Structure formats: C-alpha cells, structure tokens
Amino acid sequence: MQAVTVKQIFRETETFLNQKLEISGWVRTIRTSKAFGFIEINDGSFFENIQVVFDESLDNFLEIGKQTISSALRIQGTLVASPGAKQPFELKAEHIEILALAGGDYPLQKKRHTFEYLRTIAHLRPRTNTFAAVFRVRSVVAYAIHRFFQEKGFVYVHTPIITGSDAEGAGEMFKVTVLDPANPPRNDAGAVNYGEDFFGKETSLTVSGQLNVETYCMAFRNVYTFGPTFRAENSNTARHAAEFWMIEPEIAFAELTDNMKLAEEMMKYIIRYALDNAPEEMAFFNKFVDKTLFERLENILNFDFGHITYTEAVSLLEKENAEFEYPVHWGIDLQTEHERYLTENIFKKPVFVSDYPKDIKAFYMRLNDDNKTVAAMDLLVPGVGEIIGGSQREERLEVLENRMKEFGLKEEDYYWYLDLRRYGGVKHAGYGLGFERVIMYLTGMSNIRDVVSFPRTANTCEF
RNA sequence: UCCUCGAUAGCUCAAUGGUGGAGCAACCGGCUGUUAACCGGUAGGUUGUAGGUUCGAGUCCUACUCGGGGAGCCA
C-alpha cells in the first residue's frame with residue numbers, strides 16, 4: 001500500500017481516486033455517531049485537511065472514536081468521492097493505527113482562539129490554521145526572495161551577526177560579552193575593561209549588515225544579505241521586534257532610481273510568488289484575516305508604485321494640517337499619521353517618498369546637489385507603513401568625510417568603509433526590507449508577534 | 001518610554017457594592033453522512049498580584065504584573 005501525503009492527494013486526485021493508500025497525520029477534529037464517524041486529518045504537508053470516514057467494521061472502532069484533537073494516526077483505506085458537499089473526496093478507512101494519543105487537556109480546541117492566547121502557547125500554535133498558513137507563507141516568501149535575487153545574478157553575502165563596530169547607526173545594540181556582569185574587569189578609571197573580553201574589545205549584535213555588504217558590492221557588483229538583525233530598543237508596538245530578519249540588497253553603478261525600480265520589482269515578484277505557490281494559505285487570509293487582501297495585492301501587481309519627493313509630500317500634507325496631531329512643515333521627519341495619509345488617502349497604493357532633508361537621515365546617504373537633501377527613499381504601504389528604507393550611498397570621499405564630521409563620527413572607526421571610496425568607489429545604492437513586515441503585508445496579519453515563530457520583544461523571550 | 005483600555009472556569013465572555021453563571025473544550029451517555037455536527041448529563045473558581053475603603057468587594061481606590069490599541073524609535 002502506497003504511503004502518500006495529503007498534498008499529493010489534493011494535487012493529483014485523479015491518480016489516487018479509488019486507490020488504496022496510507023496516510024499519517026494528526027487529528028484536527030473528530031465527530032462520531034453510534035456506528036460511524038468522521039476525522040479530519042492534517043498531515044503537515046498541506047494546508048487543507050482530509051476527511052477520513054471510519055465505521056464499526058474496524059476492530060478498534062470504539063477506541064478510534066475516543067481520539068482527541070492532535071492525536072497522531074496512521075490510516076489505510078480507499079480514496080473515494082465524497083457525498084458531502086464540503087469536500088471533493090474522503091478516505092474510507094480500512095485500518096487505523098493509533099500512533100500517539102494527545103492528552104485531554106490539550107489547549108487547542110476546535111473553535112476560534114484569540115491571537116493573544118495563542119502567543120502564550122507559541123509551541124502549539126503552528127498546529128492552527130492561521131499559523132500553519134503564516135509560517136508556510138513565510139517559508140515560501142523567504143525562498144522567493146532568494147530566487148528573485150539569484151535569478152538576477154546577485155551574490156548572497158553572509159554579513160556578521162556579531163559586530164565590533166558600535167556605530168552602525170541604526171539603533172540601540174545588544175552587548176555581546178563573556179565578562180561576568182557582577183564582577184567585570186575594570187581599568188584604572190573604573191570603567192569596564194573590554195580589552196579582557198572575548199574579542200578584546202566591546203562587541204554587539206548587528207543592527208544592520210549594510211556597511212559590511214557595501215564592501216562586497218564593490219567586488220560582486222550586485223549583492224544582498226538576508227539574515228537576523230537585532231535592535232535593543234524598548235519598542236512596544238505591533239510592528240517592532242528585538243530580533244527580526246532583514247533583506248539588504250546593494251547595487252553598484254546605480255543611483256536612487258535604480259534602487260526604487262529594484263524594490264518595486266522585488267515586491268511584485270514576491271507577491272506573485274506567494275499567490276502562485278501558497279494559494280490555499282493566501283485564500284485563507286483573504287477569507288478570515290483580511291477580506292480586502294486579494295484586492296490590495298492585485299492592485300499592487302497591476303499598477304506602478306507612486307513616487308513623490310519629501311518636499312512635494314510636505315507641501316501636499318501641509319494643506320491637510322488640520323487633520324494631524326503633529327502639523328507638517330519642511331524639515332521635520334514624517335510622523336506615522338503623515339505616512340499613512342500619503343499611502344492610504346492620497347495615493348491609495350505603495351508610494352516611494354524620496355530626497356529627505358539631510359539632517360534627519362543617516363551620514364552615508366548621498367548628498368543631493370541642492371545641499372539640503374539626501375538621496376534617500378522610504379517605501380510606504382497601506383496598513384503597514386514603512387516597509388523599506390534605503391538610499392543611494394555617498395561615494396565621494398570628501399563629501400562623506402565632511403558628513404561624518406557633522407555627525408561627530410571618528411574616521412578611524414570607519415577606515416575600511418572610507419577605503420571603499422578610495423579604491424574604485426562607484427555610485428551605488430541599496431535598501432533594507434523588513435522581512436516580517438513583508439509577511440504582515442502579504443497575509444494581513446496585524447501584529448509582528450504573529451509572523452515570528454518565537455517572537456522576541458521588550459520584556460518577552462519565552463520559549 | 002508615554003497615553004489609553006483591559007485581566008472572572010482550559011478557551012470566549014456574563015454577573016446593579018449583597019449566594020460567581022453561560023457557550024465551547026474535558027469526562028460519561030445517546031444518535032446511520034457529519035462539516036466549529038447535534039441531544040442529555042457530570043465535573044471544573046483563592047475573580048492577575050499586594051494592599052486599602054466598606055457591615056459586605058469580581059464590582060470602588062492605590063501600587064505592581066501581564067496583555068490589547070495608539071504614539072515615539074525604526075525595518
């Protein structure tokens with residue numbers, strides 16, 4: 001008898017119909033009568049369950065009827081067309097072996113649970129429909145991102161997780177140390193002597209691979225990173241995590257417009273890929289999580305993203321100042337309410353905002369000819385807000401050195417970064433894409449904690 | 001970190017300052033095609049923690065803990 005997966009049965013139904021076959025999986029729900037019953041089995045290979053019909057011809061019929069949710073079974077039987085309306089076929093069981101009985105105190109029930117509750121049982125939640133869908137889509141999209149860049153000849157660079165540079169500039173950092181926190185070695189001034197630490201210096205977890213990946217950009221032309229990133233910020237929002245994954249492409253011989261083109265093409269590619277390769281999961285999100293999901297995603301695939309400069313955006317937003325808690329004027333950083341207004345009310349689609357005032361952006365962003373703005377861009381999307389932040393990088397050594405002085409940065413800390421400008425440094429650009437935010441956008445899930453397997457946020461590091 | 005709302009059975013929620021309940025889950029029984037099956041029954045509680053007000057607190061007050069929503073920081 002052939003052992004098959006539920007996915008095979010759904011995808012190649014004609015091959016298996018009226019055949020004897022074997023499946024193994026977990027009980028999602030079970031309904032019994034006096035002489036027969038139904039079990040919905042999920043075998044992990046596929047989003048949908050398969051219905052198993054069993055009756056008193058089985059020698060262990062009574063025992064099967066007592067199986068609880070999440071018990072594991074191996075079932076042999078014949079795949080037959082189903083008389084019921086809700087499934088095209090079902091497995092008529094001829095033999096059922098109980099592999100593992102789940103205890104009666106199993107916390108998942110055949111009813112809707114709140115996401116808040118499921119977070120408290122993060123080790124069990126992948127067994128639910130929603131989380132099974134989220135994490136399969138997450139896997140599919142991770143692959144789509146690699147495919148997109150690899151098809152274009154980008155080189156995947158593994159930048160370090162531990163960094164000795166305490167000035168990556170993107171946020172608060174987690175310290176990495178082997179020193180005894182209760183009794184660290186101290187220097188004459190009484191400060192902790194990191195010279196005695198593992199690396200002989202103060203080290204942290206990375207907040208961005210960008211500066212490192214720029215070095216490989218100047219060798220491989222087009223490169224990307226895709227890995228974990230850590231921010232020790234006390235952020236308590238639905239879209240921030242202390243540990244998250246980020247994609248950072250970097251392209252050489254390229255300017256800001258090339259950067260935005262790449263970002264738009266990438267977003268469309270991964271949306272298309274998710275719809276094509278996880279159709280059941282995406283349909284589930286559209287039905288139960290966000291009823292406007294398909295409409296929104298199709299809208300993205302079918303239309304060009306909006307483009308607006310910061311200066312244009314400010315003059316548009318100034319007309320609506322009455323709407324805002326924080327009035328807009330040139331020079332301020334855009335608040336969440338302003339970003340949402342732009343993408344949700346004015347453009348009603350993803351929009352790039354570019355060329356921000358230099359004072360509110362990072363030192364490495366390329367100074368524009370107006371001497372007031374830098375070649376930066378954010379991609380704002382309805383519902384999630386900022387999903388990408390990027391820029392053309394300052395490739396001119398003198399300009400970069402001046403900018404570093406303005407930011408109070410020491411050249412010796414960045415000597416290798418400056419070397420890139422000394423030895424064949426060309427125009428280049430790149431961006432950072434928050435992986436979890438893409439998953440949120442693609443699935444309609446509204447809390448980042450629900451698209452990370454075991455989320456790490458301020459005050460929470462369970463599991 | 002700030003603002004705001006909340007915490008009652010395993011889960012989702014009721015309960016005017018006066019004897020803490022229901023649905024689902026669990027357990028027992030019934031039912032010949034179910035679809036979160038249905039019907040009957042049993043069991044299940046230090047009302048988040050610590051104080052306070054009151055004859056009496058799930059209910060009012062204070063602090064703390066945890067969670068939701070919003071803001072800041074950002075991806």
Side-chain angles (χ1 to χ4, degrees), chain A residues 28-40 48-56 62 65-66 68-70 80 82-87 90 92 102-121 124 128-129 169-172 207-210 225 228-248 263 288 324-326 333-340 360-362 378-381 384-390 431-441 446-452 457-460 462:
Chain A
R28 278 292 176 82
T29 175
I30 184 165
R31 300 176 284 275
T32 58
S33 292
K34 187 179 182 183
F36 65 93
F38 302 92
I39 312 171
E40 284 183 40
E48 306 282 351
N49 305 323
I50 186 168
Q51 173 162 289
V52 173
V53 191
F54 66 106
D55 62 31
E56 55 190 347
L62 287 177
K66 289 178 182 169
T68 48
I69 295 176
S70 223
V80 297
S82 175
K86 293 205 175 177
Q87 60 281 320
E90 62 195 18
K92 177 79 179 65
D105 56 352
Y106 183 64
L108 289 173
Q109 300 160 24
K110 45 184 168 186
K111 59 172 261 186
R112 197 183 170 284
H113 288 292
T114 61
F115 292 151
E116 292 80 16
Y117 170 65
L118 292 171
R119 266 173 230 151
T120 69
I121 48 170
L124 300 174
T128 65
N129 287 334
E172 293 297 311
V207 293
S208 164
Q210 183 204 314
T225 71
T229 310
F230 307 88
R231 304 268 169 96
E233 272 139 23
N234 188 13
S235 297
N236 291 289
T237 77
R239 57 186 192 284
H240 288 87
E243 177 181 315
F244 64 100
W245 283 57
M246 190 154 66
I247 297 104
E248 295 177 288
F288 291 109
F324 301 132
E325 189 182 346
Y326 300 94
D333 208 353
L334 297 180
Q335 305 286 311
T336 296
E337 58 174 344
H338 307 139
E339 296 184 341
R340 292 187 69 127
I360 59 172
K361 287 294 183 180
D378 285 351
L379 178 63
L380 312 179
V381 296
V384 174
E386 184 182 338
I387 204 167
I388 284 176
Y431 59 83
L433 170 73
F435 184 56
E436 283 77 10
R437 290 190 184 172
V438 172
I439 304 302
M440 292 167 73
Y441 191 60
S446 55
N447 195 309
I448 197 168
R449 294 167 182 85
D450 298 329
V451 299
V452 179
T457 54
N459 269 316
T460 305
E462 290 302 307

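Bear in mind that the values here come from a model prediction, so they are computed numbers and not experimental data. The sequence lines fix the lettering, A, B, ..., with proteins before strands; numbering per chain opens at 1.
Taking only side-chain atoms of A:Ser33, from C-beta outward, the nucleotide of B:rC74, B:rA37, B:rG68 with the closest atom is B:rA37. Out of B:rA71, B:rA75, B:rG68, the shortest distance to the side chain of A:Thr336 is found at B:rA71. Distances from the side chain of A:Lys110 to the nucleotides B:rA37, B:rG33, B:rC74 place B:rA37 closest.
Between the side chain of A:Ser235 and the base of B:rC74 there is no donor-acceptor pair of N/O atoms closer than 3.5 Å. Judged by atom type and distance alone, A:Arg437 reaches the base of B:rC74 through a side-chain donor-acceptor pair under 3.5 Å. Contact of A:Glu233 with B:rG72 (side chain to base): no donor-acceptor pair of N or O atoms is detected under 3.5 Å.
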(message) Output one letter per nucleotide in nucleotides 7-15 of chain B: B when a protein non-hydrogen atom lies under 4.0 Å from the base, S when only the sugar-phosphate is that close, - when neither is.
(response) ---BBS---

(message) For Watson-Crick and G-U wobble pairs within 3.5 Å on both distances, what is RNA chain B written in dot-bracket notation, | included for inter-strand pairing?
(response) (((((((..((((....[..)))).(((((.......))))).....(((((..]....))))))))))))....

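A:Gln335 comes within contact range of the sugar-phosphate backbone alone, with a heavy-atom separation under 4.0 Å but no base atom that close.
The 5' end of RNA chain B is approached more closely, in terms of each residue's nearest nucleotide, by A:Thr68 than by the other of A:Ile448 and A:Thr68.
In this view, A:Glu40 and A:Arg31, A:Asn49 satisfy the side chain to side chain donor-acceptor pair (under 3.5 Å) rule, not counting sequence neighbours.
In this model, a donor atom of one side chain and an acceptor atom of the other lie less than 3.5 Å apart for A:Arg28 and A:Asn129.
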